[in-house]
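Everything below concerns the one structure shown next.
Given the structure is predicted, the values throughout are model-derived calculations rather than measurements.
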Amino acid sequence: MTSQEARMIEKEQNMSREQLLDVILDLKKKAAEEEAYRAENSLALTAMAKEYQALVSQRDALQAEVANLKKVISHISDVSRQRANEIFGRSTEKLSDILSDTPCREDVDEAPKEPTAPASPGPTVPRKNSLGGRHTGGKNKKAGKREEDFSRLPQRTSFLLDAAALDSQYGEGNWRISFWHRHQTLEKCRPTVYVQNTYTPVISVGLEHVLTTLPYEAPLWQRSFASPSILAEILYQKFSLSLPLNRQEMLYSDSGAALSRQTMCHWATRAAFDFFQPVCDYLVLRQLKVPYHQCDETTLLVNRDGRSAGTKSYVWVHTTSELAESAPIIVFCYELTRGTEHLRKYYEDFKGFITCDAYCSYQVLEKEKQGVIAICGCMMHMRRRFAESLSLVDKSSLGEEAIAELPEVKALLLIGRIYDADEPLKTLSAGERLAKRQETVKPLVEEYFQYIEGLDTEDPLMGEKLKDAVNYSKNQKEYLCRFLTDGHIPCDNGFCERSLRILTIGRKNFLFCDSVDGAKAAAVMYSIVGTARANKVNVYWYLRYILENIPKHADIAKTSKFLETMMPWSSEYREYERLRVSQVMGPPGLEPNEYSDRPRTPRKKKMESVDNEAAKSA
């Protein structure tokens with residue numbers, strides 16, 4: 001016991017009962033106050049803890065939101081720069097071109113630079129880029145290229161000589177022709193539109209004078225002034241040269257022909273269904289017999305398709321494989337949507353391989369037709385993602401060594417080696433191509449995927465575009481490597497995409513189709529024109545060949561034997577084109593002072609006698 005406690009006990013012993021009660025009451029009061037303080041303090045601590053946890057949660061949410069906003073800003077920035085590159089930059093996937101370009105951007109934070117004096121012009125020297133690609137000032141022309149180009153054209157020869165002018169300048173008889181210089185120019189005769197009046201007799205037969213009208217041979221449509229020549233020209237300019245009908249209307253108006261766009265549109269739509277649809281249907285039958293296909297799709301705007309304004313429709317394009325050992329066939333199909341139903345319907349009886357992009361409908365089709373249809377990937381789409389990612393990288397502050405270490409550059413160089421090894425094999429047969437691919441291409445493909453699989457897509461420093469490119473290669477590896485198993489399968493879908501350009505260029509000019517019938521007619525015509533182009537025939541003469549022959553054989557126009565003669569690779573058409581080209585209207589007549597044969601030097605009698613004496617003495 002301490003001395004303080006002893007004194008307190010001694011003091012309490014000297015207190016009276018009333019004093020002790022007062023002390024006890026005072027202590028109870030203080031204890032109650034202390035308990036109340038403790039309870040209040042406990043509530044305050046609990047409230048503070050809750051508030052602290054709320055602040056921590058709010059901080060974590062804000063940090064997550066900031067990180068998400070950074071991703072969104074980065075994505076918007078990439079999309080904006082990519083769009084600027086598409087509008088103002090060069091459309092290329094070539095590595096050397098991407099490295100030489102700088103991303104299109106607005107450096108608003110930088111002070112304007114002082115203008116520098118332009119460099120003095122000097123000779124253009126080809127230079128080799130350390131990362132591949134060669135910059136050249138121009139291409140050397142092949143010797144005899146002009147003669148080869150002009151060999152298929154009709155020739156017009158003239159000798160220009162004005163003897164009277166030479167006599168007045170040099171004196172009569174004082175000049176002679178030593179030799180001739182040839183000057184070649186390419187000339188064009190403007191097309192002529194004319195009216196053909198054809199009369200068919202009405203025969204009076206017998207004493208009763210029964211009138212009989214001899215039929216007009218195979219008109220396109222009864223009482224129509226459309227002819228195969230004018231209709232073939234309209235269709236050729238519309239679907240091969242991408243010239244809209246309103247511009248054709250102006251063209252014919254300048255030639256003196258009042259041919260409205262409404263009339264031409266009606267002709268084109270009706271001709272597609274009446275004359276070209278059977279040919280297109282036969283192309284589909286022939287195409288489905290080939291087990292190697294390529295496929296792609298693009299958008300098309302149709303005004304009156306029963307849906308809200310601005311709703312996009314789709315056009316699918318199906319081609320035989322670029323490496324298939326058969327005549328190339330290209331078929332366009334119009335559909336309201338991009339759904340898998342079109343693929344199910346088109347490939348219902350098909351068995352083989354389809355090269356395409358990574359659109360999910362193709363893989364759904366493969367799962368539904370497992371063992372019947374196999375989907376093959378496109379290395380061009382794989383390369384394009386790395387090219388887009390590299391185009392967004394600011395390379396202005398990087399040296400060549402730093403640029404060479406970029407994942408996009410390494411991936412593009414590896415893909416380039418694959419293409420360099422596979423491209424020369426296109427001239428080989430399928431068996432030889434497959435053997436060479438196993439020997440030279442397969443190790444390069446394995447090296448590429450080994451590098452891709454070593455990249456960490458969880459790295460926060462990796463851009464979203466690069467992550468997308470890496471994940472695409474990893475997810476599509478099975479489909480991308482399938483071309484190594486068959487020599488008929490191309491490594492990319494480039495042939496099909498190039499076949500689509502005939503439609504996409506035309507779409508930029510005519511913008512939309514007004515009706516579903518117009519869109520279906522356009523698909524039929526693009527199928528005919530695209531197949532003709534792929535078989536390297538004259539599109540105009542091929543269209544005219546069909547228009548001249550289908551009406552004459554309306555009763556057998558849907559038989560396979562007759563339709564085989566309507567194919568662009570048929571011997572019947574090839575002979576038709578050869579005869580038509582040889583019968584093309586020749587060049588116009590000669591102008592004054594021009595001679596078709598080489599003229600002799602005009603000589604006077606005196607000069608001739610002198611020449612004769614000189615010849616005798618010699």
Side-chain angles (χ1 to χ4, degrees), residues 284-300 312-324 326 329-386 415 418 422 430 434 437-438 441-442 445-446 448-450 452-453 457 467-497 499-500 523:
V284 174
L285 293 176
R286 286 291 303 261
Q287 185 188 61
L288 292 176
K289 294 179 181 179
V290 181
Y292 301 96
H293 279 207
Q294 296 180 235
C295 188
D296 203 358
E297 72 286 332
T298 189
T299 59
L300 180 67
K312 297 288 186 180
S313 298
Y314 286 86
V315 173
W316 297 75
V317 59
H318 306 273
T319 73
T320 51
S321 172
E322 179 183 9
L323 303 177
S326 60
I329 298 175
I330 299 172
V331 176
F332 290 79
C333 299
Y334 167 75
E335 294 289 345
L336 287 175
T337 66
R338 199 188 180 195
T340 315
E341 190 57 35
H342 168 74
L343 294 175
R344 295 191 186 103
K345 180 174 61 176
Y346 193 86
Y347 290 114
E348 182 179 3
D349 301 323
F350 175 75
K351 182 178 181 180
F353 300 85
I354 303 175
T355 301
C356 53
D357 55 26
Y359 178 45
C360 61
S361 287
Y362 299 110
Q363 297 169 16
V364 170
L365 180 68
E366 183 185 42
K367 292 178 181 178
E368 294 177 354
K369 297 262 190 178
Q370 195 163 10
V372 178
I373 294 178
I375 299 301
C376 309
C378 173
M379 283 205 165
M380 192 167 63
H381 282 77
M382 176 182 75
R383 179 186 62 190
R384 185 172 301 158
R385 282 168 163 76
F386 286 105
I415 296 172
I418 296 173
D422 190 70
L434 178 59
R437 278 177 173 176
Q438 293 293 320
V441 180
K442 186 177 180 180
V445 174
E446 292 174 348
Y448 166 77
F449 280 104
Q450 183 179 1
I452 291 300
E453 288 165 357
T457 54
K467 288 181 182 179
D468 174 68
V470 174
N471 288 329
Y472 182 91
S473 295
K474 291 181 179 180
N475 298 335
Q476 300 296 317
K477 180 179 178 180
E478 177 187 357
Y479 307 104
L480 291 168
C481 294
R482 198 160 278 169
F483 80 101
L484 297 172
T485 62
D486 195 315
H488 294 95
I489 303 173
C491 65
D492 61 33
N493 200 29
F495 175 72
C496 190
E497 288 199 357
S499 301
L500 261 179

Evaluate the side-chain contact (heavy atoms from CB on, under 4.5 Å) criterion for residues Leu288 and Asp349: first the C-alpha distance (whole Å), next the side-chain angles of each, then the deciding distance (0.1 Å), finally the verdict. CA-CA 8 Å; Leu288 292 176; Asp349 301 323; 5.8 Å; no

Can you list the steps and then say if Cys376 with Phe483 is a side-chain contact (heavy atoms from CB on, under 4.5 Å)? CA-CA 7 Å; Cys376 309; Phe483 80 101; 5.9 Å; no

Test side-chain contact (heavy atoms from CB on, under 4.5 Å) on Val290 and Ile329; report intermediate values, then the result. CA-CA 10 Å; Val290 181; Ile329 298 175; 5.6 Å; no

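Using a 4.5 Å cut-off on side-chain heavy atoms (C-beta onward), His342 and Glu297 make no contact. Two residues are said to be in side-chain contact when any heavy atoms from C-beta on lie closer than 4.5 Å; Leu343 and Val364 fail this criterion. Between Thr299 and Tyr314, some side-chain heavy-atom pair lies under the 4.5 Å cut-off. The shortest side-chain heavy-atom distance between Pro490 and Phe495 does not fall under the 4.5 Å cut-off. Counting heavy atoms from C-beta on, the side chains of Tyr362 and Asp357 come closer than 4.5 Å. A 4.5 Å side-chain heavy-atom check between Met379 and Val445 finds at least one atom pair inside the cut-off.
The backbone N or O of Lys467 sits nowhere less than 3.5 Å from a side-chain atom of Thr457 that would complete a donor-acceptor pair. Side chain of Asn493 to backbone of Cys295: a donor-acceptor contact under 3.5 angstrom is found.
In this structure, His488 has its ring center at least 6.0 angstrom away from the ring center of Phe353.
Rounding to the nearest 0.5 Å gives a distance of 11.5 Å between OG1 of Thr355 and CG of Asp296. Taken from OH in Tyr292 to OG1 in Thr319, the straight-line distance is 14.5 Å, to the nearest 0.5 Å. Note: Arg338 CZ to Thr298 OG1 = 9.5 Å, rounded to the nearest 0.5 Å. Here the straight-line distance linking atom CD of Glu497 with atom CD of Gln294 works out to 10.0 Å at 0.5 Å rounding. Here the OG atom belonging to Ser361 is positioned 5.5 Å from the CH2 atom belonging to Trp316, to the nearest 0.5 angstrom. Going from atom NZ of Lys442 over to atom CD of Glu446 covers 5.5 Å, rounded to the nearest 0.5 Å.
With 3.5 Å as the limit, one finds a donor-acceptor pair spanning the side chains of Gln363 and Gln476.
In this structure, Ile375 and Cys356 approach most closely via the heavy-atom pair CG2-SG, 3.5 Å. Nearest heavy atom pair, residue Tyr448 against residue Ser473, reads OH-OG, 2.7 Å. Of all the heavy atoms in Cys378 and Tyr472, the pair that sits closest is O-OH, 4.2 Å. Considering all non-hydrogen atoms of both residues, Asp492 and Gly494 come closest at OD1-N, 3.1 Å. The shortest heavy-atom contact between His318 and Gln287 is O-NE2, 2.7 Å. Residues Arg437 and Leu323 come closest through the heavy atom pair NH2-CD1, 3.6 Å.
Applying the ring-ring contact (aromatic ring centres under 6.0 Å, His included) criterion to Phe350, with sequence neighbours excluded, gives His293, Tyr347.
The number of heavy atoms from other shown groups lying within 6.0 Å of NZ (Lys474) is above 12.
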